[in-house]
Amino acid sequence: MSELLEKAQKLRSASKVLAILSTEEKNEALLKMADALLSEKEFILNENKKDIRAGEEKGFIPSLLDRLMLTEERIEQIVEGIRQLVKLEDPIGEIIEAWERPNGLQIHTVRVPLGVIGMVYEARPNVTVDAGSLCLKAGNAVLLRGSTSALHSNKALVHVMREALRDSKIPADAVQLLEDTSRETASQMFKLNQYLDVLIPRGGAGLIQSVIENATVPVLETGVGNCHVFIDETAEKKMGIEIALNAKLHRPSVCNAAETLLIHKNWPYVSEVMHALQDQGVELRGDELLSLEYSFIKVASEKDWYTEFLAPILSVKLVNDVKEAIDHIDQYGTKHSEAIISENNENVRIFFQAVDAAVVYHNASTRFTDGEQFGYGAEIGISTQKLHARGPMGLKAITTSKAIVQGTGQIRS
């Protein structure tokens with residue numbers, strides 16, 4: 001039997017045990033996992049260094065190495081995410097709605113686990129723990145299929161997590177890492193309807209599209225982030241500049257970083273924000289007007305407006321009004337996160353209603369599109385689709401519902 005089938009069968013069995021555990025039993029197991037990850041951080045970091053060295057030898061770009069890298073601080077943040085998750089209300093068993101029919105039938109719908117979730121993701125080993133802990137809290141078993149580039153890190157993390165679970169009510173088999181990262185095995189995983197209830201891809205556009213096009217298992221789609229910040233004519237100077245810098249530079253390699261800055265042509269501080277970005281080392285690619293005005297701004301190509309740079313590169317464009325900004329976002333955006341910086345309430349209203357995105361912001365950075373920042377603890381991913389879940393996906397996003405009908409002997413005539 002292949003590794004994939006063996007682990008999938010174990011997951012299905014474990015999911016049945018996991019689905020009936022109490023909140024207290026699940027939380028106790030998660031805390032054991034958190035403690036184990038901290039106590040084994042030296043082992044985890046040493047394994048992560050193997051992946052980093054291999055990535056450097058293969059010539060990985062800095063943004064990819066950053067996503068791949070674990071540090072003591074990042075492990076502590078991962079562990080804190082688990083501890084926050086423990087404090088959150090368990091969605092399983094929540095009564096979503098209840099009603100009584102004229103014939104006396106009592107009907108209510110409750111939240112239940114999805115079952116077995118298949119996670120397909122790229123170079124971020126933190127996803128291994130985020131996805132694993134979220135799935136367990138929501139009563140789901142999880143098959144983790146990371147990339148070859150993070151294999152040492154993922155193996156170390158899953159080993160520590162599984163060992164911690166052996167001393168808990170959650171079966172260790174509820175978390176499995178698919179160590180065979182070949183495309184052939186991935187293709188088999190995408191069609192494993194007998195064992196997997198849903199697939200969640202998390203990574204670049206190529207990975208996500210591959211899963212969508214090849215899977216027969218239902219896909220909960222996450223999306224790339226070609227995010228925009230629009231500075232309106234009435235935006236305050238300090239706020240506009242600070243948000244533009246934060247959205248681009250706080251962590252350029254992540255999906256909620258801004259990739260395009262749109263500025264109302266009459267905003268008085270265009271020069272200040274351009275120079276502030278240049279001073280921070282951002283490579284600017286702009287429209288013809290901006291590239292003529294500023295020698296350090298390259299002319300943007302059509303491709304640049306579509307590109308998720310994941311690096312300190314930013315497309316910049318002057319627009320005539322909020323409607324032109326919305327049209328640009330509609331053409332080039334990826335329905336992830338979009339922001340307007342404005343003191344004009346009518347423009348904010350128009351922006352919020354017209355922009356088709358999972359998250360829209362007023363006077364705040366796009367960097368807040370994150371499960372932890374939304375109060376979800378960790379996140380399973382950020383959905384840019386419209387069915388089932390949208391935006392940062394926390395516990396409720398990885399549940400489904402069941403209708404429970406209670407009668408007193410009713411039969412249908």
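- For CD of Glu346, the number of neighbouring non-hydrogen atoms (other residues, nucleotides, ligands) closer than 6.0 Å is greater than 12.
- Applying the salt bridge (Lys or Arg N to Asp or Glu O under 4.0 Å) test to Glu324 and every residue at least two apart in sequence or in another chain returns nothing.
- Listed here is the closest heavy atom pair of Ser342 and Asn344: OG-N, 2.9 Å.
- Judged as a ring-ring contact (aromatic ring centres under 6.0 Å, His included), and not counting sequence neighbours, His108 has no contacts.
- Ring pair His159/Phe43 is perpendicular by interplanar angle, where above 60° counts as perpendicular and below 30° as parallel.
- For the residue pair Asp232 and Asn347, a side-chain donor N or O sits within less than 3.5 Å of a side-chain acceptor on the partner.
- Side-chain polar atoms of Thr148 and Thr181 form a donor-acceptor pair below 3.5 angstrom.
- Scored by the side-chain contact (heavy atoms from CB on, under 4.5 Å) test, His152 finds Glu47, Lys50, Asp51 as partners (sequence neighbours excluded).
- The closest side-chain heavy-atom distance from Arg390 to Thr384 is not below 4.5 Å.
- Between the Lys191 side chain and the Asn214 main chain, a donor and an acceptor come within less than 3.5 Å of each other.
- Scanning both residues, Asp130 and Ser133, for their nearest heavy atoms gives O-OG, 3.2 Å.
- For the side-chain contact (heavy atoms from CB on, under 4.5 Å) test, residues two or more places apart in sequence or in another chain that qualify with Gln331 are Glu302, Tyr306.
- Take Lys87 and apply the salt bridge (Lys or Arg N to Asp or Glu O under 4.0 Å) test, not counting sequence neighbours, and it matches no residue.
- Gln176 places no side-chain N or O within 3.5 Å of a backbone atom of Val142 that could act as its donor or acceptor partner.
- For Glu288, the CD atom is loosely surrounded, since the number of other residues' heavy atoms within 6.0 Å does not exceed 12.
- His264 contributes no side-chain N or O that, together with a main-chain N or O of Leu318, makes up a donor-acceptor pair within less than 3.5 Å.
- From Arg67, atom CZ reaches atom CG of Leu64 across 5.0 Å, with rounding to the nearest 0.5 Å.
- The side chain to side chain donor-acceptor pair (under 3.5 Å) contacts involving residues 244-254 comprise Asp66-Arg251, Asp66-Ser253, Asn246-Ser365, Lys248-Glu259, His250-Arg367, where partners must be two or more places apart or lie in separate chains.
- Ser383 is linked by a side-chain contact (heavy atoms from CB on, under 4.5 Å) to Gln385, Met393, counting only residues two or more places apart in sequence or in another chain.
- A side chain to side chain contact (heavy atoms under 4.5 Å, CB included) with Val348 holds for exactly one of Glu343, His362, Gln353; it is His362.
- Ring geometry, Tyr361 versus Phe368: the interplanar angle falls from 30° to 60°, so the pair is classed tilted.
- For the salt bridge (Lys or Arg N to Asp or Glu O under 4.0 Å) test, residues two or more places apart in sequence or in another chain that qualify with Asp167 are Lys32.
- Not counting sequence neighbours, Arg53 has no partner by the salt bridge (Lys or Arg N to Asp or Glu O under 4.0 Å) test.
- Atom-to-atom distance recorded for Leu277:CG and Ile313:CD1 is 13.0 Å, nearest 0.5 angstrom.
- Asn256 places no side-chain N or O within donor-acceptor distance of the main-chain N or O of Gly225, the cut-off being under 3.5 Å.
- Counted by atom type alone, Asp304 and Ser301 present one or more donor-acceptor pairs between their side chains at under 3.5 Å.
- No donor-acceptor distance shorter than 3.5 angstrom exists from the side chain of His228 to the backbone of Ala339, with no hydrogens or angles considered.
- What you find for Leu165 and Ala29 is that their closest heavy atoms are CD2-CB, 3.9 Å.
- Among residues two or more places apart in sequence or in another chain, the side chain to side chain donor-acceptor pair (under 3.5 Å) test is passed with Lys169 by none.
- Ile200 places a side-chain heavy atom less than 4.5 Å from the side chain of Thr222.
- Across all their heavy atoms, Ile82 and Ala34 have their closest contact at CG2-CB, 4.0 Å.
- Residue Lys396 places its NZ atom among 12 or fewer non-hydrogen atoms of other residues, nucleotides or ligands, all under 6.0 Å distant.
- Listed for the Ser210 side chain is no donor-acceptor partner under 3.5 Å among the backbone atoms of Gly206.
- Counting only N and O atoms by type, the side chains of Asp180 and Ser182 include a donor and acceptor under 3.5 Å apart.
- No hydrogens or angles considered: nothing links the side chains of Thr366 and Ser337 as a donor-acceptor pair under 3.5 Å.
- Between Tyr269 and Trp267, the ring planes lie perpendicular to each other; the angle is over 60°, past the 30° to 60° tilted range.
- Here the shortest heavy-atom pairing between Thr369 and Ile382 reads O-CD1, 3.3 Å.
- Between Phe230 and His328, a ring centre-to-centre spacing not shorter than 6.0 Å is recorded.
- Residue Glu72 qualifies as open at atom CD: its count of foreign heavy atoms under 6.0 Å is 12 or below.
- Residues passing the side-chain contact (heavy atoms from CB on, under 4.5 Å) test with Glu89: none are found, sequence neighbours excluded.
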Enumerate, atom names and distances included, each donor-acceptor pair closer than 3.5 Å involving a side-chain atom of residues 11-25, sequence neighbours excluded.
{"unit_1": "Arg12", "atom_1": "NH1", "unit_2": "Asp197", "atom_2": "OD2", "d": "3.3"}
{"unit_1": "Arg12", "atom_1": "NH2", "unit_2": "Tyr195", "atom_2": "O", "d": "2.6"}
{"unit_1": "Arg12", "atom_1": "NH2", "unit_2": "Asp197", "atom_2": "OD2", "d": "3.1"}
{"unit_1": "Ser13", "atom_1": "OG", "unit_2": "Gln9", "atom_2": "O", "d": "3.3"}
{"unit_1": "Ser15", "atom_1": "OG", "unit_2": "Arg12", "atom_2": "O", "d": "2.7"}
{"unit_1": "Ser22", "atom_1": "OG", "unit_2": "Glu25", "atom_2": "N", "d": "3.1"}
{"unit_1": "Ser22", "atom_1": "OG", "unit_2": "Glu25", "atom_2": "OE1", "d": "3.3"}
{"unit_1": "Thr23", "atom_1": "OG1", "unit_2": "Asp90", "atom_2": "OD2", "d": "2.7"}
{"unit_1": "Glu25", "atom_1": "OE1", "unit_2": "Ser22", "atom_2": "N", "d": "2.9"}

